[in-house]
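Report on the following structure.
Computed from a prediction, not measured in an experiment: that's the story for all the values here. In this chain, numbering begins with 1 at the start of the sequence shown.
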Amino acid sequence: MADTRRRVKVYTLNEDRQWDDRGTGHVSSSYVERLKGMSLLVRAESDGSLLLESKINPNTAYQKQQDTLIVWSEAENYDLALSFQEKAGCDEIWEKICQEDEKFLTELFAQLTDDATDDDKRQELVNFLKEFCAFSQTLQPQNRDSFFKTLSNMGILPALEVILGMDDIQVRSAATDIFSYLVEYNPSMVREFVMQEAQQNDDDILLINLIIEHMICDPDPELGGAVQLMGLLRTLVDPENMLATANKTEKTEFLSFFYKHCMHVLTAPLLANTTEEKPSKGEPSPYNDDFQTAQLLALILELLTFCVEHHTYHIKNYIINKDILRRVLVLMGSKHAFVALCALRFMRKIIGLKDEFYNRYIMKAFLFEAVMKAFLNNGSRYNLLNSAIIEMFEFIRVEDIKSLTAHVIENYWKALEDVDYVQTFKGLKLRYEQQRERQDNPKLDSMRSILRNNRYRRDARTLEEEEEMWFNTDEDEMEDGEPVLLPTDKSKNDDEIMDHFGKFMERKKLKDGDEKEVLTKSTLSGRQSPSFKLSFSSSGSSKSSLTCHSASSNAPGSPGSPGSPGSPGTIVKSTPHVAAITTKGGLIGLVDYPDDDEEEEEEEEDGDEKEQLAPLTKKSRLGS
C-alpha cells in the first residue's frame with residue numbers, strides 16, 4: 001500500500017503570479033552532502049525522478065497554510081509550495097522544518113550571549129533576529145504562535161536580558177525592538193518569565209528593571225527610546241490583558257510582584273528630584289529642572305497616573321505609605337508648564353476616584369497648598385494650568401465631595417474669595433454653608449422626608465387623568481405600532497430638595513439680619529503666610545503636547561457649571577404636565593399646560609434672588 005501521508009504535489013509560482021503544477025510525488029527529509037544540510041526531497045511517483053531538492057534554511061520564512069500546504073520563497077521571485085494529500089504528512093514535514101529552526105536559534109542565542117563574540121558579529125546577529133521577528137508579523141496567526149513559542153522555548157528572554165546589559169547602544173536598541181515584539185505578541189509570557197527569575201536573582205538584574213533603567217537613562221535628548229519603553233511597561237502592567245485561572249489571577253500575582261520588586265526603581269527619579277535636602281529659596285521646586293529630566297518625570301507621572309486608574313489598592317497603599325502625592329506636587333513649582341500639568345493631572349485622577357482614604361491623606365498633609373500656590377502665582381493668565389486647576393475644584397463642587405469642600409473653604413477661602421471670573425469657588429462656599437446648615441440643624445432630616453412625601457408627591461387625580469388619556473389613545477397616535485407614552489414626573493432627589501431648602505433658609509436669615517459668617521483661617525494652611533513667587537511657562541509647545549482630561553464635569557461656563565441651568569446650588573423647575581402631539585407622520589410638537597403659570601408666579605416672588613438662581617428652564621421628556 002502506497003504511503004499517502006507523504007504524497008504531495010509540487011507547485012512553483014510563475015511570472016504571471018499563477019501556480020504551475022510541477023508533478024506529483026512523495027516527499028522526504030534527509031541530509032544532502034552537496035547542500036551541506038538537511039533538505040526536502042520530492043521524487044516523482046511515476047518514474048522516481050527528482051522533482052524537488054531544497055535545503056531547509058533557518059533564514060527562510062516557511063508558512064503552513066490550511067493544514068495541508070507549506071509555502072516558502074527559495075530565491076527572489078521563486079516561490080515554492082507543497083500540497084499534501086493528508087494533514088498528517090504536512091504536520092510531519094513541518095515538524096522537521098521547525099527542528100532545523102530550533103537548532104539554528106540555539107546556536108544564534110549562544111553566540112549572542114558569548115563574551116567572546118566579536119562586536120560586529122553580535123550586532124549582525126541581533127539585527128538578523130530583529131528582522132526575523134519583524135517578518136513574523138506577516139505570518140498567519142497559527143504560524144506566528146508557533147514561531148514565538150519556539151523563540152520562548154529556545155531562551156530568547158534570557159538572551160535579551162544579557163544583551164540589554166551590554167554597553168553597545170545599537171545592540172541594546174535592536175534588543176529593545178525584539179522585546180517589544182514579544183510584549184505585543186504575548187505580555188503574559190513576559191510576565192511569567194520575570195516573576196520566575198525574581199525567585200533566583202536580585203532586583204537590580206531583573207529584565208523588567210533593566211527596561212526601566214534604560215528608560216531612565218535614555219541618552220536621546222528627545223527620549224524617543226524612553227517613550228517606547230514606557231509604552232511597553234504600560235502594556236505589562238495593564239490588567240486588561242492579564243489572564244485569570246480557576247485558582248488565582250495573573251493580576252494579583254504580577255501586581256504584587258511589580259510593587260514589591262520594580263516600583264521603587266520606576267519612582268527613583270521622581271523621589272530624587274523632589275527631595276527636601278535641597279536648600280529652599282522660598283518655594284519647593286524640583287532638584288534638577290532641566291528639560292530632559294522634566295520630560296522623563298512627565299513620562300513617569302503618566303505611568304503612575306495610569307496605575308492610579310487601574311491598580312486600585314496596590315497603588316493606593318504605595319502612594320499613601322510613601323507619601324508620593326506630596327512629592328509629585330513639588331513639581332507644580334517646575335519652570336516647565338507641562339510637568340506642572342502632569343503633576344496636577346495625577347492629583348486630579350486621585351480626586352476623581354472619590355475615595356475617602358485618599359481624601360483624608362490629602363487633607364491631613366495639606367496637599368492642596370501646592371496647588372493653591374501655583375494657582376495664585378499664575379495670576380490672571382488664562383492658560384492650561386489655570387483651566388485645569390479650576391476644573392479640579394469644579395469637579396469637587398459638582399460631585400459634592402463634602403470632606404474636600406470643607407477642607408478647601410476652611411483653609412483657603414481667604415485666598416479664593418476674590419476670584420470672581422468663575423463661579424466655582426463661590427459655588428464651593430455655598431456647598432460648604434449648606435453642609436454647615438445641615439450639621440447645625442438636625443431637623444432638616446425630618447424636613448427632607450416631609451418635602452419628599454408632600455410637596456413633590458404627585459396628585460392622585462393627575463394619575464387618574466393620565467391613565468384615562470392612555471386608555472383613550474387612538475391608533476392614529478401610534479408610531480411604528482407603539483404608543484407614545486406620556487411623561488412621568490420623577491420625585492426630585494435629596495440634593496435638589498436640600499438645595500432648595502438651603503435657599504429658603506438663606507432668605508430667612510437675610511430678612512432677620514442674622515447673616516452667619518463662615519469661619520476661615522487667616523493663612524492658607526493655618527501655619528504661615530506664604531509668598532507667591534513662582535512663574536510658569538505657557539509656551540505653545542507645552543500647550544500643543546498636553547491636554548487636560550475631565551472625567552465627569554464641565555469647564556466653567558459650560559452646562560453644569562456655576563450659573564448655568566442644572567448646576568447644583570440652583571433651582572431648575574420641572575414641567576410635570578407635558579403632552580406630545582402626534583399624527584400619523586410622527587411627533588410634531590409639545591404643549592405646555594396651564595399649570596406652568598403657577599410656577600412662574602413663584603419665580604416672580606423670588607425675584608430678589610435672581611443673582612444666585614439660574615434662569616428657569618422647562619425640562620420635558622418623552623417616553624417611548
ring-ring contact (aromatic ring centres under 6.0 Å, His included) assessment of Y181 paired with F148: CA-CA 9 Å; Y181 285 118; F148 280 108; 7.5 Å; no
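- Using cut-offs of 30° and 60° on the angle between ring planes, the pair F306 and H310 is tilted.
- Aromatic pair H311/F258: centroids not less than 6.0 angstrom apart.
- The number of heavy-atom neighbours closer than 6.0 Å to NZ of K96, taken from other residues, nucleotides and ligands shown, is 12 or below.
- For the pair R327 (side chain) and T274 (backbone), a donor-acceptor distance under 3.5 Å is present.
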Derivation and outcome, ring-ring contact (aromatic ring centres under 6.0 Å, His included), residues F128 and F104: CA-CA 12 Å; F128 166 78; F104 171 76; 5.5 Å; yes
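- Checking D290 against N288 by side-chain atom types alone, a donor-acceptor pair falls below 3.5 Å.
- A distance-only check finds no donor-acceptor pair linking the side chain of T60 to the backbone of I56 [under 3.5 Å].
- Other residues, nucleotides and ligands contribute more than 12 heavy atoms inside 6.0 Å of the CD atom of Q99.
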Evaluation steps, side chain to side chain donor-acceptor pair (under 3.5 Å), between S188 and E250: CA-CA 8 Å; S188 292; E250 186 181 17; 3.1 Å; yes
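- Across Q85, E92, E86, H26, a single residue satisfies side-chain hydrogen bond (donor to acceptor under 3.5 Å, both in side chains) together with R6, and that is E92.
- Between L160 and the choices L182, T113, V126, the side-chain contact (heavy atoms from CB on, under 4.5 Å) rule is met once, by L182.
- Contact annotation: the side chain of K322 never approaches that of M263 to less than 4.5 Å [non-hydrogen atoms, C-beta and beyond].
- H214 contributes a side-chain N or O that, together with a main-chain N or O of L164, makes up a donor-acceptor pair within less than 3.5 Å.
- Of the N and O atoms on the side chains of T117 and D114, not one donor lies less than 3.5 Å from an acceptor on the other residue.
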CA sep, side-chain torsions, deciding dist, call: K9, T24, side chain to side chain donor-acceptor pair (under 3.5 Å): CA-CA 4 Å; K9 278 185 175 292; T24 302; 3.0 Å; yes
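- Contact annotation: the side chain of N317 never approaches that of Y259 to less than 4.5 Å [non-hydrogen atoms, C-beta and beyond].
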